[in-house]
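Each remark here refers to the structure printed beneath this line.
Proteins come first, then strands; the chains are lettered A, B, ... in the order of their sequence lines, and each starts at number 1.
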There are 2 protein chains.
Amino acid sequence: MLRALTLQDNGVPIYVQLRDQIAGAIGRGDLKAGARLPTMREVAVSLAVDLNTVQRAYAALEEDGLVTMVQGRGSFVADPAPPSRSRSAEIRTLAAKVAAQAQAAGVSLDELAEALRHLSGRAAP
Amino acid sequence: MLRALTLQDNGVPIYVQLRDQIAGAIGRGDLKAGARLPTMREVAVSLAVDLNTVQRAYAALEEDGLVTMVQGRGSFVADPAPPSRSRSAEIRTLAAKVAAQAQAAGVSLDELAEALRHLSGRAAP
DNA sequence: AAGATTGTATGATAAGATTCATACAATCTC
DNA sequence: GAGATTGTATGAATCTTATCATACAATCTT
């Protein structure tokens, strides 16, 4: 289940906030493959935001291969990971995304890398 | 010392990225109270960004009471040290979040950690 | 005092983001 | 098939971001 979307008045464009929050929910597993996303209109109304703005966020998610939209049905978490992409490219993409999160949180990449290695059970080299 | 500032093409306004990165550096202790910030012009030139944009980021930081600017002298970290609360806990939270994303993407934590190290190693000046 | 450095300011311009209003198209339910 | 739901699309208006060019003011160095 998708935790309630929230908007902050911190200069980050609304559609970026929506895109990142939903992408996070998908990556985190809160929204599993095939799960239905809230309707664009639902999001627009609940957040008092324009339908076009929500559409932009959803379109960006589709662009990233995270969701698929079907007219008349709704929007769903995409089933497969993009197959045409090489694995190393996927890793780089994830790393770039994560790097942005880390910077926003004021965490250096080295700090995060170390914390991840710690989580994985191995000690740093 | 302030770690190299970087910009990402992810829809977040440049001045917001600069503001958040510098605020993070201050909160993290990379920039201690009284320390001098890089010149607005230095930042503008090194990142190929307009002086006005950098000024906007700095003005936002001054608005938040994080830095003070003195004409002719430079910009400095404000004296009242910002409350850096439980930093290691923040890092662990971020790491857990990111770990979930990596797992959803089929990327091992070690692979991601290495990719992050790579990103951090070739940071632009 | 002179020159260089640094922050401050402005006005024009272009691109991006957001809203409003409205309409159409595909899908589902009855 | 009729009606409701949902995604798709457009065009205008407004505000925000970012750039460019230029200039001024305070401070420091010499």
Donor-acceptor contact present, side-chain B/D64 to main-chain B/L66, <3.5 Å: no

Nucleotide C/dT22, atom C1' - distance to CD of A/Q55 in whole Å: 14 Å

Value in whole Å for how far the P atom of D/dT5 lies from CZ of A/R41: 10 Å

Distance below 4.0 Å between A/T53 side-chain N/O and C/dT19 OP1 or OP2: yes

Upstream residue (5' side of DNA chain C) when A/N52 and A/Y15 are each assigned their closest nucleotide: A/Y15

Nearest-angstrom distance from the residue atom CZ of B/R36 to P of D/dC28: 10 Å

Value in whole Å for how far the C1' atom of D/dA18 lies from CG of B/L18: 12 Å

Rounded distance in Å - CD1 (B/I14) to P (D/dT16): 18 Å

Distance, rounded to the nearest Å, where A/M40 contributes CE and D/dT8 contributes C1': 8 Å

Proximal nucleotide (of D/dT8, C/dT19, C/dG7) relative to the A/M69 side chain: D/dT8

Sugar-phosphate or base contact per nucleotide [nucleotides 25-30 of chain C; S, B, -; heavy atom under 4.0 Å]: BBBS--

A/S75 side-chain N/O to D/dT6 phosphate OP1/OP2 under 4.0 Å: no

Spacing of A/L51 atom CG relative to D/dT6 atom P, expressed in whole Å: 11 Å

